[in-house]
Amino acid sequence: AVIGLICNAVGIWGASKFKKIGIIVAGVWYLSRCILSCVYLDMAGLILSAFLLYPHVVFYQEMKKGIMTEESYPQEKQCCSCCV
């Protein structure tokens, strides 16, 4: 549980500071949880881990493509303000 908390804290840091390594650490944690859930045939754990892994993968891809950067965040935030 402590390792999970550390990985999640690193993921929050990575998302707030736009650091890819933080997103990767949290994503790898959720991927490992998905794999363990498959090994133990835990469908609820698999579904939960997959739902939590998905936004990490998408956010990493957007950072890699340059869509979501520290400079473009205010513009992206304004674009989605009608939804939130």
Side-chain angles (χ1 to χ4, degrees):
V2 173
I3 295 171
L5 287 173
I6 292 169
C7 289
N8 291 327
V10 170
I12 291 170
W13 167 81
S16 65
K17 300 294 182 185
F18 296 91
K19 303 290 184 188
K20 291 179 187 174
I21 189 68
I23 304 302
I24 291 170
V25 168
V28 167
W29 171 254
Y30 287 120
L31 179 62
S32 69
R33 298 305 303 167
C34 284
I35 293 169
L36 281 174
S37 294
C38 286
V39 169
Y40 292 116
L41 302 174
D42 178 16
M43 288 305 293
L46 175 63
I47 291 169
L48 180 64
S49 297
F51 274 125
L52 294 171
L53 175 62
Y54 176 75
H56 289 79
V57 171
V58 172
F59 187 58
Y60 177 79
Q61 288 176 344
E62 287 186 352
M63 287 175 58
K64 190 174 178 181
K65 291 178 184 176
I67 296 170
M68 186 62 75
T69 63
E70 204 164 359
E71 294 79 27
S72 69
Y73 176 72
Q75 182 180 6
E76 295 294 328
K77 181 180 175 185
Q78 183 182 10
C79 174
C80 296
S81 65
C82 64
C83 305
V84 177

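For clarity, every value in this text was computed on a predicted model and none was experimentally measured.
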Q: Please say whether more than 12 non-hydrogen atoms of neighbouring residues, nucleotides or ligands are located less than 6.0 Å from CD1 in I3.
A: no
(Q) Quick one, N8 with Y30, criterion side chain to side chain contact (heavy atoms under 4.5 Å, CB included). Give me CA distance, side-chain angles, the key distance, then yes/no. (A) CA-CA 9 Å; N8 291 327; Y30 287 120; 3.0 Å; yes
Q | Atom pair CG (L48) and CZ (R33), whose distance is rounded to the nearest 0.5 Å | A | 9.5 Å
Q | Minimum heavy-atom distance between S37 and G45, given as atom pair plus value | A | OG-C, 3.3 Å
Atom pairs and distances, side-chain donor-acceptor, residues 14-27, under 3.5 Å, sequence neighbours left out:
{"residue": "S16", "atom": "OG", "partner": "I12", "partner atom": "O", "Å": "3.2"}
{"residue": "S16", "atom": "OG", "partner": "W13", "partner atom": "O", "Å": "3.0"}

Q: Starting at CG of L46, measure out to CD1 of I35 and round the result to the nearest 0.5 Å.
A: 10.5 Å
Q. Same cluster for M63 and V28 if Ile/Leu/Val/Met/Phe/Trp/Tyr side chains link at under 4.5 Å?
A. yes
Q) Do I47 and L52 share a hydrophobic cluster (ILVMFWY, side-chain heavy atoms under 4.5 Å, transitive)? A) no
(Q) Run Y60 and K64 through side chain to side chain contact (heavy atoms under 4.5 Å, CB included) and show every step you take. (A) CA-CA 6 Å; Y60 177 79; K64 190 174 178 181; 4.0 Å; yes
